[in-house]
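Numbered from 1 within each chain, the chains take letters A, B, ... in sequence-line order.
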There are 2 protein chains.
Amino acid sequence: MTKKISIKDIAAISGVSPATVSRVINNNGRFSEQTRQKVTKVIEKYNYQTNTLAKGLRMQKSNTIGIIVPDLANTFFSALVEKIENQFFSKNYSTIICDSKRNITKEIAYIQMLEAKSVDGLIVISGQKMFDSSTLNRAVPVVCIDRKPSNKTDAFISSNHYQGAVIATQALLEAKTQPVLFKVHGQSSSINDRIQGFKDTLQQNLTTDSIIDISATNQAGSNERRLELRTQLRNLMGKQTLPLGIFAYSDTLAADLITAARDLNLSIPGDLKIIGFDDAPIAKYCYPELTTIHQDTSKIALAASQQLIDAMQNNRQTAANNTIINVHLVKRGTV
Amino acid sequence: MTKKISIKDIAAISGVSPATVSRVINNNGRFSEQTRQKVTKVIEKYNYQTNTLAKGLRMQKSNTIGIIVPDLANTFFSALVEKIENQFFSKNYSTIICDSKRNITKEIAYIQMLEAKSVDGLIVISGQKMFDSSTLNRAVPVVCIDRKPSNKTDAFISSNHYQGAVIATQALLEAKTQPVLFKVHGQSSSINDRIQGFKDTLQQNLTTDSIIDISATNQAGSNERRLELRTQLRNLMGKQTLPLGIFAYSDTLAADLITAARDLNLSIPGDLKIIGFDDAPIAKYCYPELTTIHQDTSKIALAASQQLIDAMQNNRQTAANNTIINVHLVKRGTV
DNA sequence: GTGAAAGCGCTAACAC
DNA sequence: GTGTTAGCGCTTTCAC
């Protein structure tokens with residue numbers, strides 16, 4: 001129950017003023033080498049740690065950033081967040097991770113909470129809609145990943161979803177299938193881009209059955225979703241000649257499709273060929289291992305953290321900096 | 001670039017003192033209904049939000065808790081953390097999630113950072129060793145999940161790992177295999193309990209080959225780990241009669257074992273039977289789907305958050321409260 | 001029922 | 001090179 005030791009205490013013990021201790025800690029302003037040693041010794045002896053709340057209040061910055069992620073259970077997002085968090089940790093920022101569960105109400109609540117905590121910056125990943133930073137009172141820099149900001153001063157980092165969709169669709173075409181796009185119901189900039197790439201590649205081969213919307217209420221991995229996918233697959237088989245060629249919106253969805261296909265005794269890639277998107281960790285645990293479009297999460301994480309840190313340090317908005325990152329096809333067992 | 005509006009501003013605009021505004025916001029102390037309405041209206045109009053840094057500084061509590069997790073990329077942990085975070089969110093606490101990557105140095109750095117941020121409590125999940133809260137200067141309540149605290153005043157919540165190991169080993173025995181335990185190198189209370197359960201069930205059938213240690217440096221899902229597992233499996237096949245019976249320390253490890261077995265053209269569950277531990281989301285994406293020991297993450301998350309909140313609100317240490325949660329076998333396709 | 005004032009722990013201007 | 005002072009935004013005694 002020992003109360004935490006403060007800068008005043010350190011000052012008193014070392015026989016200097018709090019200001020001097022502060023100078024030593026932050027290594028700014030002038031002080032003698034002798035003072036430095038004296039103070040440092042006391043700090044170490046008492047295991048003193050700066051109270052970041054007080055410091056944050058005083059400096060009007062918290063050295064904390066917030067991340068809004070749509071779904072931590074998705075291995076693509078958890079891997080991405082892990083990398084981002086790691087970047088910030090090495091730059092001495094702490095990170096508050098918020099799982100919005102793709103729920104707009106929860107997201108807004110989180111953003112207000114983060115703002116009240118005086119976060120210095122925000123990373124907002126994907127989700128259903130455009131991100132509208134006008135919910136923010138202060139002007140905190142925002143970097144959006146995979147989700148177009150409505151505010152033109154927010155930075156935007158994204159894989160080239162259009163390109164990825166084109167590559168995937170072409171691969172499906174080359175494998176002599178009639179491609180079908182499976183997506184979860186909802187809108188987002190990445191979804192729209194992929195749909196566009198899909199459509200543009202298919203052109204006259206596009207039919208009303210080419211895009212299949214999966215209910216968003218059924219959670220990834222749940223029996224409900226698998227049931228729904230099974231029904232959709234069975235449906236499709238009645239209408240199309242085998243092999244079916246599926247472009248799945250995400251690896252998670254692809255993984256669920258694989259299990260659904262198994263339930264129907266469809267062989268992959270014999271009866272059914274499938275390409276995912278993300279190259280999430282789960283892709284390598286599927287059987288057959290999932291052919292997919294690789295997103296470079298390391299690059300995304302790096303770009304996002306660099307841009308945000310730059311914006312925070314220069315105390316300005318993220319200069320509407322758009323970064324588009326290339327993707328590529330990873331051939332595994334499902335095509 | 002508008003500066004954030006403060007309680008003083010609200011006070012000035014409403015024509016009352018900051019003290020009164022504070023009373024209204026926190027609904028404590030006395031004030032007239034008329035004042036309440038007046039102030040509330042101004043707060044809403046200006047979208048005022050309490051600065052939690054200042055409040056935290058003043059009240060010596062931050063309404064923030066920290067979670068130390070060994071590996072966010074592991075679907076068991078990400079699912080667990082997601083549930084914990086959700087619990088705290090609904091109780092108006094925010095959560096700083098820290099991925100220690102099972103690195104003790106990083107973990108200590110995180111704990112110091114969290115302490116400097118004046119977190120009101122800490123949840124520490126699993127990891128390599130016992131958790132030693134003596135690195136903490138202040139007396140902040142700690143709840144350990146799956147990891148025995150060395151400090152007797154810290155609470156401990158855990159699945160019954162011993163029981164789980166017994167159940168798994170018995171199932172393997174009943175399937176007429178000679179059980180082998182695969183684990184990642186390292187110590188932890190959960191590892192030790194499972195080993196004990198394994199040994200106690202095996203008794204005289206225990207041999208020097210019964211426990212296989214996998215190098216901890218090779219990351220889950222990596223090619224290096226799979227290579228290592230392949231070597232180990234091949235080795236084992238030379239010595240033992242089929243079918244082999246593997247009790248894998250975690251579902252992640254089990255999943256890697258399944259892919260390694262595939263590379264060796266071993267059929268599961270024909271040549272090789274395998275039982276995992278956790279019932280992580282990944283278990284249902286394996287092929288065959290993984291038979292495993294189910295840990296009740298919802299219960300763990302609930303127990304952990306309740307105990308921590310209780311300790312924080314009553315401003316005392318978590319009363320050395322040990323909660324052991326039952327586990328059970330989930331039969332799927334690998335046994 | 002409300003206001004004035006002090007102080008949480010820190011840093012930055014200003015003095016000397 | 002170092003100390004004094006003010007103030008970040010909030011809550012909470014203590015007056016009245």
Side-chain angles (χ1 to χ4, degrees), chain A residues 2-40 42-43 46-64 115-120 137-138 315, chain B residues 2-40 42-43 46-64 112-113 115-120 137-138 315:
Chain A
T2 42
K3 196 159 163 17
K4 231 179 133 180
I5 196 162
S6 84
I7 202 169
K8 249 192 207 159
D9 303 321
I10 298 294
I13 297 166
S14 339
V16 297
S17 77
T20 300
V21 176
S22 170
R23 284 190 269 258
V24 170
I25 291 172
N26 300 296
N27 194 29
N28 97 37
R30 302 174 320 234
F31 46 87
S32 71
E33 170 60 18
Q34 197 196 348
T35 307
R36 213 208 85 245
Q37 296 199 358
K38 198 169 49 179
V39 171
T40 310
V42 177
I43 285 179
Y46 289 89
N47 209 346
Y48 166 78
Q49 278 201 237
T50 304
N51 179 326
T52 49
L53 253 42
K55 182 168 184 167
L57 177 60
R58 175 62 229 238
M59 316 242 324
Q60 304 283 39
K61 73 188 292 292
S62 61
N63 260 330
T64 304
E115 188 176 12
K117 278 210 145 44
S118 306
V119 292
D120 300 332
N137 289 323
R138 265 184 321 145
N315 201 16
Chain B
T2 42
K3 196 163 163 11
K4 231 179 134 181
I5 196 164
S6 84
I7 203 170
K8 250 192 207 159
D9 303 322
I10 298 294
I13 298 166
S14 334
V16 296
S17 76
T20 300
V21 176
S22 170
R23 284 190 268 256
V24 169
I25 290 171
N26 300 296
N27 193 31
N28 95 35
R30 303 174 319 235
F31 45 86
S32 72
E33 170 61 19
Q34 197 194 348
T35 307
R36 214 208 86 245
Q37 295 198 358
K38 200 169 47 179
V39 171
T40 310
V42 176
I43 285 178
Y46 289 89
N47 209 347
Y48 165 79
Q49 280 201 233
T50 305
N51 180 325
T52 49
L53 253 43
K55 182 169 184 166
L57 177 60
R58 175 63 228 239
M59 317 239 327
Q60 305 283 41
K61 73 188 292 291
S62 61
N63 259 325
T64 303
Q112 301 212 329
M113 180 271 273
E115 186 175 14
K117 278 211 144 45
S118 307
V119 291
D120 300 331
N137 290 323
R138 265 183 322 144
N315 201 18

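Taking only side-chain nitrogens and oxygens, A:N28 never comes nearer than 4.0 Å to OP1 or OP2 of C:dT11. Put simply, A:S22 has a side-chain N or O that comes within less than 4.0 Å of OP1 or OP2 on C:dT11. The phosphate of C:dT2 has OP1 or OP2 within less than 4.0 Å of a side-chain N or O from B:S32. Remark: B:S6 is not in phosphate contact with D:dG9, judged by side-chain N or O atoms under 4.0 Å from OP1 or OP2. OP1 or OP2 of D:dG3 sits under 4.0 Å from a side-chain N or O of A:T20. Residue B:Y48 has no polar side-chain atom (N or O) positioned under 4.0 Å from OP1 or OP2 of D:dG9.
Residue B:P18 places its side chain closer to D:dT11 than to any other of D:dT11, D:dG1, C:dT11. Listed nucleotides: D:dG9, C:dG9, D:dT2. Nearest to the side chain of A:N51: C:dG9. Set against D:dT4, C:dT11, D:dC10, the side chain of A:K55 has C:dT11 as its closest nucleotide.
The distance from atom CD1 of B:I5 to atom P of D:dG9 is 11 Å, rounded to the nearest whole Å. The CZ-P distance, from A:R58 to D:dC10, rounds to 16 Å in whole Å. In this entry the distance linking CE of B:M59 with C1' of C:dA6 reads 17 Å, nearest Å. With rounding to whole Å, A:Q37 atom CD is found 15 Å from D:dG1 atom P. Spacing between atom CD of B:Q60 and atom C1' of D:dC10 amounts to 12 Å, rounded to whole angstrom units. Distance CG (A:L53) to C1' (C:dG7): 15 Å, rounded to an integer number of Å. Atom pair A:R30:CZ and C:dA15:P shows a separation of 14 Å (rounding to whole Å applied). Rounded to whole Å, atom P of D:dC10 lies 12 Å from atom CG of B:L57.
Where B:R23 and A:A19 each meet DNA chain C at their nearest nucleotide, the meeting point lying more 5' is that of B:R23. Toward the 5' end of DNA chain C, the nearer of the two residues B:A54 and B:F31, judged by each one's closest nucleotide, is B:F31.
Among the protein residues, A:T50 comes within range of the sugar-phosphate backbone only, with heavy atoms under 4.0 Å from sugar or phosphate atoms but none that close to a base. A:T35 comes within 4.0 angstrom of the backbone, heavy atoms only, and of no base.
No more than 12 heavy atoms of other residues, nucleotides or ligands lie within 6.0 Å of CD in B:Q34, so this atom counts as exposed by the packing criterion.
Remark: the backbone N or O of B:N63 is paired with a side-chain donor or acceptor of B:D120 at under 3.5 angstrom.
Rounded to the nearest 0.5 Å, atoms OG1 (A:T40) and CD1 (A:I10) are 10.5 Å apart.
Closest non-hydrogen pair, A:V24 versus A:R36, comes out as CG1-CG, 4.0 Å.
Side-chain atoms of A:K55 and A:N26 form a donor-acceptor pair, as typed in the model, at a separation below 3.5 Å. With no hydrogens or angles considered, no side-chain donor-acceptor pair links B:S118 and A:K4 at under 3.5 Å.
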